[in-house]
Amino acid sequence: MTRLPQSAQLTACPVCHEPLDPADNFCGGCGADLSAAASAAVSPGGMAGDPRRAVRHPEPDGHRPAPPGTPSVPGQTAPPPTVASGMPDTPGASGASGATGTAGPTGPAGRRRVCGACRSGMIDDDGYCEHCGHAQPRERDHMEHETPGVAAVSDRGLRHHRNEDAFAVSTTTQPDGGPAVLAVVCDGVSSAARSDEASTAASAGALASLEAALAAGTPPREATHRAILDAARAVDALAPSGHHAREHRHHQQENAPACTIVSAVITGELLTVGWVGDSRAYWVPDDRAAQPARLTEDDSWAAQMVAAGLLSEAEAYADERAHAITGWLGADAYEVEPHTAAFQPDRPGVVIVCTDGLWNYAETAERMAAVVPSDARLRPLETARRLVGYALDGGGHDNVTVAVLPFPARSAEPGAA
């Protein structure tokens with residue numbers, strides 16, 4: 001996407017009157033194409049909004065990489081593969097790794113689709129009705145997948161015109177015959193161009209790397225470190241030839257594709273997580289009298305202020321700069337420093353791997369545990385659906401993606417099917 005010319009920039013959507021940022025090419029409220037609206041009048045009935053967007057709330061800042069010179073957070077050390085990134089799935093189904101899953105303008109046998117809103121216009125190559133201008137639902141707007149040991153759900157949310165999150169999940173086998181359950185969740189950086197492509201490439205690349213490394217007997221923590229670097233290379237490859245690193249805040253829509261990443265691997269009694277950015281992993285035990293835990297530390301302005309003792313957590317996250325990230329994958333990133341950590345939980349529970357579209361509504365480990373169903377370990381897909389629904393009920397300001405991994409892996413439990 002190219003940035004709107006200065007003379008054509010709009011301060012409010014001409015369709016739904018939602019306030020706009022200067023770099024917006026689409027309205028976050030109704031999905032209207034602002035590049036077209038800036039040069040031509042839009043009819044009152046055009047570009048009708050998604051009915052899920054009826055409730056509108058002020059949107060949090062979302063991802064904004066911090067400017068160069070911001071201090072970095074110290075690194076923390078502490079059945080057949082299925083797929084998933086960017087593909088809509090039903091339980092037990094599998095998709096092609098790395099595909100975007102965006103619905104095309106044609107139906108069966110190449111025929112163009114009829115608009116689902118006015119039932120008379122045809123859908124153009126950009127996914128809009130040529131008659132009424134309504135933005136058509138994309139397959140990637142809502143994705144689900146379940147495989148033994150892990151389930152994931154991703155949703156566009158109620159404010160964004162597309163889903164820039166992606167996930168990839170699978171269950172594979174280690175050289176000793178034991179199972180390894182894998183989940184990767186990525187969140188496209190909102191100030192970067194083609195961030196949906198970045199999250200898809202990163203999640204697919206990390207999953208493939210993890211599967212290969214674990215099958216070769218690589219220790220999970222080393223495999224996780226390598227996988228994040230492989231994901232970073234996959235995102236770097238999306239940048240145009242000859243691209244020079246740019247400071248995101250002043251060059252929105254001109255910078256390289258970028259995303260955050262978080263992963264979880266369960267191998268026997270070991271849980272390994274890895275991340276760059278502010279997507280998170282949580283531990284929620286079955287016994288709710290036991291202490292839940294957040295397993296990751298954000299690469300963000302707020303986290304840095306808290307770590308440096310300059311602000312309390314409440315003060316830091318109340319600041320408008322709270323969600324400015326200081327670590328991400330992409331050609332404009334500083335040197336990528338994967339964070340990894342390993343844990344040995346002493347009781348059954350679930351691992352929640354998610355983007356900030358969920359944790360913005362359940363930030364602390366205690367709050368996350370309170371919204372996770374008590375039978376989460378037995379019903380991971382239903383749990384993921386309920387958590388996504390919780391975020392949508394809270395306002396759905398951002399894309400929301402969550403993967404749920406029962407611990408220990410169900411296939412490794414005595415008597416498990």
Side-chain angles (χ1 to χ4, degrees), residues 75-77 79-87 94-100 145 147 149-150 152 154 165-176 178-188 195-239 256-268 270-277 279 281 295-296 299 327-331 333 335-342 351 353 355 401 403 405 409:
Q76 181 174 356
T77 56
T82 58
V83 87
S85 98
M87 287 297 293
S94 63
S97 180
T100 63
H145 187 79
T147 194
V150 59
S154 181
D165 287 359
F167 66 80
V169 299
S170 75
T171 302
T172 190
T173 304
Q174 301 177 87
D176 63 2
V181 180
L182 321 174
V184 182
V185 168
C186 296
D187 186 352
S195 55
D196 55 335
E197 296 179 34
S199 61
T200 298
S203 57
L207 183 73
S209 178
L210 281 169
E211 289 178 329
L214 294 170
T218 304
R221 195 162 179 178
E222 180 182 345
T224 296
H225 184 94
R226 291 184 189 175
I228 293 176
L229 294 178
D230 287 340
R233 283 188 281 270
V235 179
D236 287 350
L238 298 175
C259 67
T260 68
I261 187 170
V262 62
S263 67
V265 177
I266 295 177
T267 51
L270 184 67
L271 163 61
T272 304
V273 297
W275 72 97
V276 171
S279 292
L295 306 178
T296 57
D299 289 323
W328 66 91
L329 307 184
E335 183 177 357
V336 174
E337 298 181 0
H339 308 295
T340 63
V351 182
V353 183
T355 60
T401 301
L405 299 85

Under a 4.5 Å cut-off applied to non-hydrogen side-chain atoms, are Val276 and Asp299 in contact? yes

Between Thr218 (side chain only) and Ala213 (backbone N and O only), is there a donor and an acceptor less than 3.5 Å apart? yes

Mind checking the CD1-CG spacing from Ile261 to Leu329? Nearest 0.5 Å is all I need. 5.5 Å

Closest non-hydrogen atoms of Val169 and Ala152, given as atom of the first, atom of the second and distance, are CG1-CB, 4.1 Å

Contacts of type side chain to side chain donor-acceptor pair (under 3.5 Å), residue Thr272, not counting sequence neighbours: none

Between the side chains of Asp230 and Arg233, is the shortest nitrogen-to-carboxylate-oxygen separation below 4.0 Å, so that they form an ion pair? yes

To check you understand the geometry: which heavy-atom pair defines the closest contact between Thr296 and Ala281, and what is its length? OG1-N, 3.3 Å

If you round to the nearest 0.5 Å, how far is OG1 of Thr224 from CG of Leu229? 11.0 Å

Sub-3.5 Å donor-acceptor pair from the side chain of Ser209 to the main-chain atoms of Gly205, do we have one? no

Note: Ala227 and Ala206 closest approach over all heavy atoms is CB-O, 3.7 Å

Is there a donor-acceptor pair closer than 3.5 Å between any side-chain N or O of Gln174 and the backbone N or O of Pro179? yes

Interatomic spacing from SG in Cys259 to CH2 in Trp328 - rounded to 0.5 Å: 12.0 Å

Output yes when a side-chain donor or acceptor of Ser199 lies under 3.5 Å from a complementary backbone atom of Asp196, and no otherwise. yes

If the condition is side chain to side chain donor-acceptor pair (under 3.5 Å), which residues does Ser154 pass it with, not counting sequence neighbours? Asn163, Thr401

So, Ser170 and Glu211: side-chain donor and acceptor under 3.5 Å apart, yes or no? yes

Could you tell me the separation between the CG atom of Leu214 and the CG atom of Leu182, rounded to the nearest 0.5 Å? 6.0 Å

Search all heavy atoms of Val235 against all heavy atoms of Pro257 and return the closest pair with its distance. CG1-O, 3.4 Å

Interatomic distance, Glu337 atom CD to His225 atom NE2 [nearest 0.5 angstrom]: 9.5 Å

For Ala331 and Ala239, work out which heavy atoms get closest and say how close. CB-CB, 3.7 Å

Determine the minimum heavy-atom distance between Leu271 and Ala264, stating which atoms define it. CD1-CB, 4.4 Å

Hey, what do you get for OG1 (Thr172) to CG (Leu210), rounding to the nearest 0.5 Å? 10.0 Å

Determine, step by step, whether Asp187 and Ser279 satisfy the side chain to side chain donor-acceptor pair (under 3.5 Å) criterion, reporting the C-alpha distance in whole Å, the side-chain angles of both residues, the deciding distance to 0.1 Å, and the verdict. CA-CA 7 Å; Asp187 186 352; Ser279 292; 4.6 Å; no

